[in-house]
Amino acid sequence: MKISRVAIIGLGLIGGSVGLSVREMLPDVATTGWDADADVRARATERGLAGMVCDSVAEAVREADLVILCVPVGAMGYAAEAIAPHIRPGTIVSDVGSSKRSVGEALAAALPEGVVIPAHPVAGTENSGPEAGFATLFRHRWCIVTPRDDTPPDALAALSGFWEGLGATVEIMDPRHHDLVLAVTSHIPHLIAYTIVGTASDLEEVTRGEVIKYSAGGFRDFTRIAASNPTMWRDVFLSNRDAVLEVLGRFTEDLSLLQRAIRNGDGDTLYDLFDRTRTIRRSIIEQGQDDARPDFGRKDH
């Protein structure tokens, strides 16, 4: 199966980056795009996020071999219902959401005859909107694909080849396992970031100006994560609630252990934890998932 025409529904950071990456990495593949917001469509046209930005979702998907839904996970079902009457038989419908079980179920319900293959490119920034996309977002990143048992092998190979063509490394995974992995590696860290930034803002003894003025590296990194799109993350937590609550329960237990260690002056417990987690950080750098330069490679401005 050959993918010659891709429709991108939702032209923010991820959708825009898909369009720009296709233009640079897969120049023989045509792209169409659509967004529910007319202003976003206009800005996407100016940036050339798709070969043709359409005025209707029907026009965007009509001739597509692959439709990628780049909308918040809470809107996936509605987006699938909107495209259902207009796609050709055999068209692959995928997505980019960071929750896979609930999204897969929503897409399957809306497209019972469709070739639904959920996917999650594990890439992004704290920025959002059509101005935020860039062509190299997926390069040297993972894209997790979560097919159903009845997914046609040729369609799975075509979608995997598409993401590999954008520079990603594809991993096939069960959707429930994906959701647990992402709860640990992404969702809970974002929840912690939103919480600590909110706590700092609420402290009556520390003014907001002081929080901003004296932000050290750790808090500054939390604020970067906490700047992510609030609509997207609201939907992520609601759609992946089972895995998030499971991991959050374990985290709460570990946090209580640390509280006891600090209260009791148990330096050995603290040191052992910090040493073990430093090893994990070094492994992340060794696998090329982050930057080992001082201050995370930031440039002074």
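When a residue number appears, it is its place in the shown sequence, counting from 1.
Remark: R62 pairs with no residue by the side chain to side chain donor-acceptor pair (under 3.5 Å) rule, at least two apart or across chains. A search for side chain to side chain contact (heavy atoms under 4.5 Å, CB included) contacts involving A42 returns nothing, not counting sequence neighbours. By the side chain to side chain donor-acceptor pair (under 3.5 Å) test, T231 is found to be paired with no residue, residues two or more places apart in sequence or in another chain being considered. Partners of Y271 by side chain to side chain contact (heavy atoms under 4.5 Å, CB included), not counting sequence neighbours, listed by chain and number: D275. Under the ring-ring contact (aromatic ring centres under 6.0 Å, His included) criterion, Y194 pairs with no residue, sequence neighbours left out. Scored by the side chain to side chain contact (heavy atoms under 4.5 Å, CB included) test, A30 finds R5 as partners (sequence neighbours excluded). In this structure, the side chain to side chain contact (heavy atoms under 4.5 Å, CB included) partners of A60, at least two apart in sequence or on a different chain, are I9, T32, W34, C54. Not counting sequence neighbours, the partners of E24 by the side chain to side chain donor-acceptor pair (under 3.5 Å) test are R139.
Aromatic ring pairs are classed by plane angle as parallel below 30°, tilted from 30° to 60° and perpendicular above 60°; the pair H187 and F237 is perpendicular.
Every pair passing side chain to side chain donor-acceptor pair (under 3.5 Å) that includes a residue from residues 159-184 is listed here, sequence neighbours excluded: H120-H178. The side chain to side chain donor-acceptor pair (under 3.5 Å) analysis of residues 76-88, with sequence neighbours excluded, yields the pairs D65-R88. A side chain to side chain donor-acceptor pair (under 3.5 Å) check over residues 257-266, counting only residues at least two apart or in different chains, returns the pairs D266-T269.
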With a cut-off of 3.5 Å and sequence neighbours excluded, list every side-chain donor-acceptor pair involving residues 149-158.
unit_1, atom_1, unit_2, atom_2, d
T151, OG1, R148, N, 2.9
T151, OG1, R148, O, 3.1

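The cluster map of Ile, Leu, Val, Met, Phe, Trp and Tyr, joined by side-chain heavy atoms under 4.5 Å apart, puts L66 and L111 in different clusters. If you chain together hydrophobic residues whose side chains sit under 4.5 Å apart, V6 and V61 never meet in one group. Cluster membership for I192 and L255, using ILVMFWY side-chain heavy atoms within less than 4.5 angstrom, is shared. Two different hydrophobic clusters hold M232 and V96 under the rule that ILVMFWY side chains link at heavy-atom gaps under 4.5 Å. In the hydrophobic clustering of ILVMFWY residues, with side-chain heavy atoms under 4.5 Å counting as a link, L13 and L166 come out together.
Looking at L182 and I144, their side chains come closer than 4.5 Å, going by heavy atoms from C-beta outward.
Listed for the K100 side chain is a donor-acceptor partner under 3.5 Å among the backbone atoms of A119.
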